[in-house]
Protein chains: 2
Amino acid sequence: MKKGEKTKNLILAQSLQLFSKNGFSGTSVRDLSSSVGLRESAIYNHFSSKKAILAEIFEKFGQSTAGLNLLDDELINMLNKPQKFMQTFSEKLLRKWGDIEEIHFFNLVLKENGTEINGIKISVNSLLEDAQKVWVMIFTEMTNHKFIKKGSPEIFANEFIAPLFFIRMKFLLDEDNIDLKSAIKQANEHTEFFWESIKR
Amino acid sequence: MKKGEKTKNLILAQSLQLFSKNGFSGTSVRDLSSSVGLRESAIYNHFSSKKAILAEIFEKFGQSTAGLNLLDDELINMLNKPQKFMQTFSEKLLRKWGDIEEIHFFNLVLKENGTEINGIKISVNSLLEDAQKVWVMIFTEMTNHKFIKKGSPEIFANEFIAPLFFIRMKFLLDEDNIDLKSAIKQANEHTEFFWESIKR
DNA sequence: ATTATTTGTGAACACTCGTTAAGTTAATCT
DNA sequence: AGATTAACTTAACGAGTGTTCACAAATAAT
């Protein structure tokens with residue numbers, strides 16, 4: 001890796017960290033540059049503007065917070081054991097959400113919710129909707145194969161996902177107070193409770 | 001009401017609006033003053049600093065987003081009809097959350113989450129925890145009187161509240177896309193689904 | 001109606017902001 | 001190795017920041 005590429009990644013990483021903590025407006029280019037040990041002007045060798053940094057952060061981290069990429073073969077083969085499936089999935093999801101960069105990114109989305117960037121609106125909403133869509137698919141599949149009882153997959157999806165986001169906000173949001181253990185514990189409690197409502 | 005008090009309230013109202021949209025750092029004193037038709041220096045007749053405005057916003061709106069104040073006698077007398085109780089309460093809560101000032105305040109808390117103000121940390125978390133505590137109380141009462149089946153009131157509270165916050169974020173967050181009707185509809189679906197899990 | 005007080009303006013302050021240009025050092029290529 | 005390109009520094013720009021101060025206008029009290 002060339003030197004330029006290296007510092008560019010460093011700038012991106014530090015920007016994510018600072019933007020998520022102090023917000024985009026609350027972070028100056030001088031804050032950024034000094035956090036990577038450079039002068040402010042050096043930033044512009046790698047990015048055309050401060051906004052361009054934010055844009056590239058969203059290009060890099062913006063996809064797939066929903067968890068679609070967690071659906072590997074091992075997991076898909078569990079579809080016929082819904083409780084096991086949900087438990088395994090939610091633990092994987094929470095572990096992903098517990099990653100420091102994912103935490104920073106979530107904080108950033110909350111802080112910059114509503115901001116336009118390259119004509120696209122940053123939106124907490126779309127995070128929720130993306131996650132919901134995945135689970136509507138999953139529950140549709142499960143009802144079709146009669147692995148769970150009949151009912152609206154949309155409602156099932158809402159009821160399953162909402163507590164996971166709730167847990168995320170409670171245990172995986174405040175950087176000084178991350179508690180992955182409690183998060184997973186409550187997610188298991190949730191899955192157990194939820195399973196009782198949808199089993200055949 | 002004297003003139004001074006009037007403009008002070010105007011400044012507070014406009015500040016809540018602008019801070020919630022552009023963030024504290026993203027809003028200048030000149031933005032504020034011009035939004036109420038004044039010069040920037042006039043602001044300092046009513047507030048000692050920009051930060052003091054933010055502090056007073058949190059003093060004014062910061063209490064009781066949890067919904068404790070919605071628990072009037074009419075509602076308490078419904079405790080023995082849990083489904084009716086939950087349905088009535090959540091509709092009241094969502095209507096409150098659908099109020100424009102409440103929407104702005106929620107956006108503000110999301111944006112300024114983690115910021116210290118007067119030594120107190122602004123925190124999304126405490127909003128969730130406050131709401132949860134209220135419902136732990138309620139479900140404890142309901143289990144004691146055997147209005148609902150046995151089980152952990154903490155889990156019940158999580159399972160009941162999480163979807164309400166989920167709904168809030170989906171339908172009562174983006175100012176240009178408020179949909180109270182859908183919010184209430186989904187809350188009713190949720191209550192119905194949830195009721196099946198906790199009825200005796 | 002006159003005075004006292006409150007609320008507002010206009011201009012300025014010291015400082016920080018994002019960004020650019022010219023020149024220097026360091027890394028890469030042949 | 002020397003030549004070429006990439007990466008960084010120093011210095012500066014115009015504009016915007018929060019805040020202050022002397023003064024003017026409007027309101028409230030006598």
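A note on names: the letters A, B, ... follow the listed sequences, proteins ahead of strands, and every chain is numbered from 1.
Comparing B:K3 and B:K51 by the nucleotide of DNA chain D whose heavy atom lies nearest to each, the residue mapping closer to the 5' end is B:K51.
For the pair A:I43 CD1 and C:dC17 P, the computed distance is 13 Å after rounding to whole Å. The distance between atom CG of B:N45 and atom P of C:dT9, rounded to the nearest whole Å, is 10 Å. One atom, NZ of A:K6, and another, P of C:dA27, lie 11 Å apart when rounded to the nearest Å. Going from atom NZ of B:K8 over to atom C1' of C:dT6 covers 14 Å, rounded to whole Å. One interatomic measurement links the two molecules: CG of A:L38 to P of C:dT25, which rounds to 17 Å at whole-angstrom precision. In this structure, OH of B:Y44 is placed 21 Å from P of C:dT6, rounded to the nearest angstrom. Taking atom CD of residue A:E40 and atom P of nucleotide C:dA21, one finds them 16 Å apart after rounding to whole Å. For the pair B:R39 CZ and C:dA11 P, the computed distance is 10 Å after rounding to whole Å.
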Check: So A:F24 and A:K51, side chain to side chain contact (heavy atoms under 4.5 Å, CB included) or not? Walk me through it.
Finding: CA-CA 9 Å; A:F24 180 74; A:K51 271 216 153 188; 3.8 Å; yes
Notebook entry, point to check: Run the side chain to side chain contact (heavy atoms under 4.5 Å, CB included) check on A:W97 and A:I167 step by step: do they pass?
Noted result: CA-CA 10 Å; A:W97 283 350; A:I167 288 168; over 6 Å; no
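Residues A:L108 and A:F61 have side chains not in contact (no heavy-atom distance under 4.5 Å, counting atoms from C-beta outward). Contact check for B:K121 versus A:D176: side-chain heavy atoms found under the 4.5 Å cut-off.
Remark: the backbone N or O of A:G37 is not paired with any side-chain donor or acceptor of A:S34 at under 3.5 angstrom.
At least one side-chain nitrogen or oxygen of B:H46 sits closer than 4.0 Å to the OP1 or OP2 atom of C:dG8.
The footprint of chain B on DNA chain D, defined by a heavy-atom cutoff below 4.0 Å, extends from D:dT17 to D:dT27.
Between B:F85 and B:F89, the ring-plane angle classifies as parallel under the 30° and 60° cut-offs.
Residues of residues 16-35 of chain B that place a heavy atom closer than 4.0 Å to DNA chain D, in numerical order, are B:T27, B:S28, B:V29, B:R30.
Counting atom types as modelled, B:S41 pairs a side-chain N or O with a base atom of C:dG10 as donor and acceptor under 3.5 Å.
Under the ring-ring contact (aromatic ring centres under 6.0 Å, His included) test applied with A:F160, the options A:F166, A:F193, A:F194 reduce to a single match, A:F194.
Of all the heavy atoms in A:L32 and A:S15, the pair that sits closest is CD2-OG, 3.5 Å.
In this structure, A:K8 forms a cation-pi arrangement with A:F47, its terminal cationic atom sitting closer than 6.0 Å to the ring centre and no more than 45° off the ring axis.
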